[in-house]
Engineer: 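Input: one structure, supplied below.
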There are 2 protein chains.
Amino acid sequence: MLSNKTKYGIKALVFLAKQDQRVPVQISVISKSENISQKFLESILLTLKKNGVLGSKKGKGGGYYLLKEPKDISMTTVMRLLEGPIAMVPCVSLNFYEKCEDCPDENACAVNKLMLKVRDNTLQIFRNTSLADLSN
Amino acid sequence: MLSNKTKYGIKALVFLAKQDQRVPVQISVISKSENISQKFLESILLTLKKNGVLGSKKGKGGGYYLLKEPKDISMTTVMRLLEGPIAMVPCVSLNFYEKCEDCPDENACAVNKLMLKVRDNTLQIFRNTSLADLSN
DNA sequence: GCATTACTCTAGTAAATCGATAGGGTAAAA
DNA sequence: TTTTACCCTATCGATTTACTAGAGTAATGC
């Protein structure tokens, strides 16, 4: 299941991408428009900022804005930052790999085999989908 | 993330599919061989039984066995029984559909659009993968 | 400067889910 | 009639999720 965190994050990013000008947008504006708790959204945008997806400006006329063009922001980045691993099991994860304790041989494991296929496919979708694709 | 329940369920099914003869296999045998808590496995096999995937036989020489040929047991069935919805959000789920409360228009929703693609792909993999495919 | 605005950060918490564990009950086979 | 093994219910600690509260700090405009 996709967490609300990720869901809200994507919605906020799309909202920013849809702005005509690249001016800072206040959290409260996004929060109202997308029906997201303001405080919760605050923490989400903060992580996106800390990881180079968003920039922010303080004070009057401040807010958040995209640091890159929507077409250059890939869904893999967003998913990994907000949701964590893309794989359904750690033993097939690229960025969050962990060995299964109960499994003697990964290569002989049916779950591994199946989930590897799923990960490959899902990853390809996220790689080929940019923020621009979602904003049309 | 895939739950242990599903993971163990798949492993147990593969174990059963790999048996030469179609004789009942005791829970304790599967549990030891696959490093799964016996009691936990018990409840998993029970759900698979209640939903027509497995049969069971009581008493001495009893145990669980597949009700169908491995090639006729699709991963969609197994995943839905043990893991639940295949989709990452309820609003793109076929069997567990639910409308998002915060979303005014599903067709205009970026998350919906993205997750629909993911679900289609994942579903296709599960549909095209049978227990037989995983047992080789 | 100084008030306003808006971002930043730290805690905490209610609710749900997960992954078991415990223990007794019941049916069937030898 | 004893053994074996399936069947069912209840409980429980740990973790995660989705927020909420509240205080602090940095810019901006007048």
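In what follows, chains are A, B, ... by sequence order, proteins preceding strands, each numbered from 1.
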Engineer: So, does A:Q38 use its side chain to make a donor-acceptor pair with the main chain of A:I27 at under 3.5 Å?
Structural biologist: no
Engineer: With hydrogens left out and only the distance checked, is there a donor-acceptor pair under 3.5 Å joining B:Q26's side chain and the base of D:dC6?
Structural biologist: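 By the distance-only test, no, there is no pair.
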Engineer: Any sub-3.5 Å donor-acceptor pair from A:T129's side-chain atoms to A:I125's backbone N or O?
Structural biologist: yes
Engineer: Just the rounded figure in Å: distance from P of D:dA10 to CZ of B:F40.
Structural biologist: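 My rounded result for the distance is 19 Å.
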Engineer: May I have the distance from A:Q38 (atom CD) to D:dT20 (atom P), rounded to whole angstrom?
Structural biologist: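 The distance from CD of A:Q38 to P of D:dT20 comes to 11 Å, rounded to the nearest Å.
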Engineer: May I ask you to decide if A:A132's main-chain N or O and A:N136's side chain share a donor-acceptor pair within less than 3.5 Å?
Structural biologist: yes
Engineer: B:L45 near the nucleic acid: base, sugar-phosphate alone, or nothing, with a heavy-atom cut-off under 4.0 Å?
Structural biologist: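 Answer is nothing: B:L45 stays at 4.0 Å or more from every strand.
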Engineer: Would a distance-only check, ignoring hydrogens and angles, find a side-chain to backbone donor-acceptor pair under 3.5 Å from A:D133 to A:S130?
Structural biologist: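 Side chain of A:D133 to backbone of A:S130, a donor-acceptor pair under 3.5 Å: yes, one is there.
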Engineer: So does A:S37 get a side-chain nitrogen or oxygen closer than 4.0 Å to the phosphate oxygens (OP1/OP2) of D:dA18?
Structural biologist: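 No.
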Engineer: For A:L46 and D:dT25, what is the distance between atoms CG and P respectively, to the nearest whole Å?
Structural biologist: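 Rounding to the nearest Å, CG of A:L46 and P of D:dT25 are 16 Å apart.
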Engineer: How many whole angstroms separate atom CD1 of A:I36 from atom P of D:dC19?
Structural biologist: 10 Å
Engineer: For the pair made of CD1 in A:I27 and C1' in C:dT5, what is the distance, rounded to whole Å?
Structural biologist: 12 Å
Engineer: How about B:S93 and B:E98: does a side-chain donor come under 3.5 Å of a side-chain acceptor?
Structural biologist: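 No donor-acceptor contact under 3.5 Å links the two side chains.
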Engineer: Looking only at side-chain N and O atoms, does B:N4 come under 4.0 Å of OP1 or OP2 in C:dC18?
Structural biologist: no
Engineer: Would you mind telling me which residue lines up with the more 5' stretch of DNA chain D, A:Y8 or A:K39, judged by nearest nucleotide?
Structural biologist: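 Its nearest nucleotide being more 5', the pick is A:Y8.
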Engineer: A:L2 has an atom CG; how far is it from atom C1' of D:dT16, in whole Å?
Structural biologist: 15 Å
Engineer: In residues 47-66 of chain B, which ones come under 4.0 Å of DNA chain D, going by heavy atoms?
Structural biologist: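 Only B:K49, B:K50, B:S56, B:K57, B:K58, B:G59, B:G63, B:Y64 qualify.
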Engineer: Would you sort out whether A:T122 and B:N121 count as a side chain to side chain contact (heavy atoms under 4.5 Å, CB included), showing the intermediate values?
Structural biologist: CA-CA 7 Å; A:T122 308; B:N121 263 265; over 6 Å; no
Engineer: To the nearest 0.5 Å, what is the distance between NZ (A:K71) and OG (A:S135)?
Structural biologist: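 Separation between the atoms: 13.0 Å.
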Engineer: Rounded to whole Å, how long is the line connecting atom CD of A:E42 with atom P of C:dT5?
Structural biologist: 16 Å
Engineer: Whole angstroms only, please: what is the CG-C1' distance between B:L41 and C:dA20?
Structural biologist: 12 Å
